[in-house]
Amino acid sequence: MEKEYIIAFSSFYKAAYAQDMLEEAGVKSTLRKLPTELIRSCGTGIYLKTSDIREAQSVFEKKQISVRGIYEIRVQEHGRKKYVKA
């Protein structure tokens, strides 16, 4: 079953580079603004849907890309979203 994730980074450039590396590895993702509750230093993150987040984590490990956090997006009652650290 596919789940939706947000991956946060410390800078826009790290997020953009990470997205390029995911695309190169065949992992579809989107670069978008982070929800306000997840913004620390960088307001841009990667959104992706996958059944196995370890695939993306493996790309980051191989390319030595550090992430600030990986969050699973869970939709709750009334369509409200909750972000759970993965």
Side-chain angles (χ1 to χ4, degrees):
M1 183 177 115
E2 280 195 335
K3 296 179 181 177
E4 192 171 3
Y5 294 92
I6 298 175
I7 305 169
F9 297 87
S10 60
S11 75
F12 169 81
Y13 301 102
K14 282 185 182 179
Y17 176 71
Q19 187 204 19
D20 287 345
M21 295 302 102
L22 286 175
E23 294 291 327
E24 198 174 273
V27 179
K28 290 189 106 186
S29 62
T30 307
L31 204 58
R32 293 195 340 227
K33 187 172 172 22
L34 290 173
T36 53
E37 54 263 58
L38 297 182
I39 294 176
R40 303 262 186 314
S41 55
C42 172
T44 304
I46 293 176
Y47 287 68
L48 64 100
K49 286 185 181 181
T50 183
S51 56
D52 188 4
I53 192 64
R54 291 175 297 192
E55 185 179 6
Q57 290 171 314
S58 173
V59 171
F60 299 147
E61 199 174 293
K62 286 178 190 166
K63 299 292 183 177
Q64 298 180 333
I65 300 169
S66 60
V67 300
R68 203 187 71 234
I70 298 176
Y71 303 88
E72 182 185 335
I73 302 170
R74 295 188 184 159
V75 179
Q76 298 186 307
E77 292 178 16
H78 310 295
R80 190 158 176 256
K81 292 183 179 178
K82 180 179 181 180
Y83 306 100
V84 179
K85 197 158 179 110

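Numbers here are sequence positions counted from 1.
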message: Quick test of your reading: applying salt bridge (charged side-chain N to carboxylate O under 4.0 Å, His left out), list the pairs with at least one residue in residues 41-59, sequence neighbours left out, ordered by first then second residue.
response: Asp52-Arg54

field: Under 4.5 Å side-chain linkage, directly or through intermediates, the cluster mates of Val84
entry: none

field: Reported CD-to-CG distance for the pair Glu4 and Leu48, which is rounded to 0.5 angstrom
entry: 8.5 Å

message: Counting only heavy atoms from other residues, nucleotides and ligands, does the tally under 6.0 Å from CD of Glu61 exceed 12?
response: no

- request: Can you run down the salt bridge (charged side-chain N to carboxylate O under 4.0 Å, His left out) pairs that involve residues 6-31, sequence neighbours left out, and say none if there aren't any?
  value: Glu24-Lys63

task: Go through the structure and list residues passing side-chain contact (heavy atoms from CB on, under 4.5 Å) with Leu31, not counting sequence neighbours.
output: Phe12, Ala15, Ala16, Gln19, Thr44, Ile46

- prompt: Who pairs with Arg74 by salt bridge (charged side-chain N to carboxylate O under 4.0 Å, His left out), at least two apart in sequence or on another chain?
  reply: Glu72

Separation between CG of Leu22 and OG1 of Thr50, rounded to the nearest 0.5 Å: 10.0 Å

- request: With rounding to the nearest 0.5 Å, note down the distance linking CD1 in Ile70 to OH in Tyr5.
  value: 9.0 Å

query: So which residues get pulled into Ile6's cluster when ILVMFWY side chains under 4.5 Å apart are joined, directly or through others?
result: Leu34, Leu38, Ile39, Tyr47, Tyr71, Ile73, Tyr83

- request: Of all the heavy-atom pairs spanning Ala18 and Phe60, show the shortest one and how long it is.
  value: CB-CE2, 3.6 Å

query: Listed by chain and number, what are the side-chain contact (heavy atoms from CB on, under 4.5 Å) partners of Gln64, not counting sequence neighbours?
result: none

- request: If a pair satisfies salt bridge (charged side-chain N to carboxylate O under 4.0 Å, His left out) and one of its residues is in residues 76-86, list it, with sequence neighbours excluded.
  value: none

